[in-house]
Amino acid sequence: MVNIQIIEELIPKSDKIFISFGKVNYEDRFCLILETKKIFDVDFFIVKLIKSIPKWFKFLLNLRNAIASIFGLKTGKIGNVYENLEKLNLKQNQSIRDIFIFLKGKNHLIAELKDKHLDFRFSILIRQEDGITRVSLSTIVKINNIFGKVYFFLITPFHRLIIPNILKRLSGEI
């Protein structure tokens with residue numbers, strides 16, 4: 001059995017997620033730590049993360065998207081990525097519908113969505129050393145108006161539950 005741990009940690013201020021983002025109203029980082037000799041890259045973890053998204057979360061996301069579209073907000077839709085994971089080939093400076101790939105390297109991905117109510121970035125960072133793999137999921141948010149403030153107030157508890165849950169499910173996929 002692989003030793004697995006999920007922790008919350010601070011995002012170092014030197015992290016690339018902050019590059020040219022401006023004011024940050026919210027930030028968090030959850031980290032999956034596991035003992036393994038296997039070597040992984042960010043593409044492997046993106047596919048595993050997407051596969052680890054629970055059906056109840058997809059339902060909530062679709063509900064949120066339906067409500068957001070009524071107000072003319074971007075929904076973060078990324079097309080039929082769930083059905084075509086084998087063909088997923090994310091590149092830096094690429095847009096996948098509403099999501100922009102800000103940075104893409106072998107062990108790091110930063111993507112963002114900018115909208116009139118709020119802007120956010122999320123990051124997947126993989127660090128491997130001495131048989132320990134750390135997969136960090138970071139999120140930063142900039143609230144642009146009162147609607148963004150209300151929206152983010154409503155979704156924050158779900159975000160804080162979902163991300164560790166996805167990491168736990170991800171650990172079962174490795």
Side-chain angles (χ1 to χ4, degrees), residues 6 8-32 42 45-85 88-105 108-125 135-170:
I6 298 171
E8 185 173 6
E9 58 187 17
L10 296 175
I11 306 172
K13 293 302 173 196
S14 61
D15 194 295
K16 292 179 181 178
I17 197 170
F18 295 110
I19 294 173
S20 70
F21 189 75
K23 181 182 178 185
V24 175
N25 298 104
Y26 175 86
E27 63 184 79
D28 68 25
R29 172 180 275 178
F30 292 93
C31 184
L32 169 65
V42 75
F45 276 109
I46 289 168
V47 170
K48 293 296 184 185
L49 278 167
I50 293 169
K51 285 182 177 180
S52 298
I53 296 173
K55 288 181 182 179
W56 61 266
F57 175 68
K58 289 178 188 176
F59 171 78
L60 286 177
L61 196 57
N62 288 332
L63 179 63
R64 181 200 67 89
N65 290 345
I67 294 168
S69 65
I70 292 169
F71 294 100
L73 302 174
K74 292 181 180 176
T75 60
K77 286 186 178 178
I78 53 176
N80 59 354
V81 70
Y82 299 116
E83 291 85 31
N84 295 310
L85 288 176
L88 192 61
N89 184 20
L90 301 177
K91 295 181 175 77
Q92 187 164 315
N93 297 319
Q94 172 188 18
S95 290
I96 302 172
R97 297 254 196 136
D98 296 336
I99 306 291
F100 176 72
I101 308 301
F102 178 78
L103 179 141
K104 170 79 174 9
H108 199 186
L109 175 116
I110 300 173
E112 68 182 5
L113 184 144
K114 293 186 174 194
D115 203 0
K116 56 188 171 189
H117 70 301
L118 61 78
D119 302 337
F120 77 89
R121 279 190 185 161
F122 63 92
S123 166
I124 303 169
L125 175 64
V135 182
S136 298
L137 301 183
S138 303
T139 305
I140 61 173
V141 177
K142 176 174 40 176
I143 297 171
N144 296 329
N145 58 36
I146 189 68
F147 298 111
K149 193 172 200 167
V150 170
Y151 170 77
F152 196 67
F153 174 79
L154 294 173
I155 68 155
T156 300
F158 295 101
H159 169 82
R160 296 193 53 78
L161 288 172
I162 290 166
I163 300 303
N165 179 282
I166 288 173
L167 285 172
K168 183 177 180 183
R169 292 171 64 101
L170 171 68

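Taking every heavy atom of both residues into account, Ile6 and Pro164 meet most closely at CD1-O, 3.7 Å. The shortest non-hydrogen separation linking Val42 to His108 is CB-N, 3.9 Å. When every heavy atom of Ser136 is checked against every heavy atom of Glu9, the shortest pair comes out as OG-OE2, 3.6 Å.
Within the cation-pi definition used here (under 6.0 Å to the ring centroid, within 45° of the axis), Lys114 does not qualify as a partner of Phe100.
The local environment of NZ in Lys104 is crowded, with over 12 non-hydrogen atoms from other residues, nucleotides or ligands closer than 6.0 Å. For Leu10, the CG atom counts as loosely surrounded, since its 6.0 Å shell holds 12 or fewer non-hydrogen atoms of other residues, nucleotides or ligands.
In this structure, the side chains of Phe102 and Ser123 stay at 4.5 Å or more apart for every pair of heavy atoms. At a threshold of 4.5 Å between non-hydrogen side-chain atoms, the residues Phe30 and Ile166 do not count as touching. Using a 4.5 Å heavy-atom cutoff, the side chains of Asn165 and Lys168 are not in contact.
In this structure, CZ on Phe45 lies 7.0 Å from CG on Leu32, to the nearest 0.5 angstrom. Here CG of Asp15 is found 8.5 Å from CD1 of Ile140. Values are rounded to the nearest 0.5 Å. The line from CG of Asn144 to NZ of Lys116 is 11.5 Å long, rounded to the nearest 0.5 Å. Atom OG of residue Ser138 and atom NZ of residue Lys16 lie 13.5 Å apart, to the nearest 0.5 angstrom. With rounding to the nearest 0.5 angstrom, the CD1 atom of Ile143 is 11.5 Å from the OH atom of Tyr151. One finds the CG atom of Leu103 at 9.5 Å from the CZ atom of Arg121 (value rounded to the nearest 0.5 Å).
The salt bridge (Lys or Arg N to Asp or Glu O under 4.0 Å) search around Arg169 returns none, not counting sequence neighbours. Listed by chain and number, the residues in a ring-ring contact (aromatic ring centres under 6.0 Å, His included) with Phe152 are Tyr26 (sequence neighbours excluded).
Each of Leu137, Leu125, Ile163, Ile17 was compared with Arg29 under the side-chain contact (heavy atoms from CB on, under 4.5 Å) criterion, and only Leu125 meets it.
Salt bridge annotation for Glu27-Lys13: present, with a cationic side-chain nitrogen under 4.0 angstrom from a carboxylate oxygen.
Put simply, the side chain of Asn145 gets close to the backbone of Gly148: a donor and an acceptor are under 3.5 Å apart.
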Q: Verify side-chain contact (heavy atoms from CB on, under 4.5 Å) between Phe122 and Leu109, making sure each step is shown before the conclusion.
A: CA-CA 8 Å; Phe122 63 92; Leu109 175 116; 4.3 Å; yes
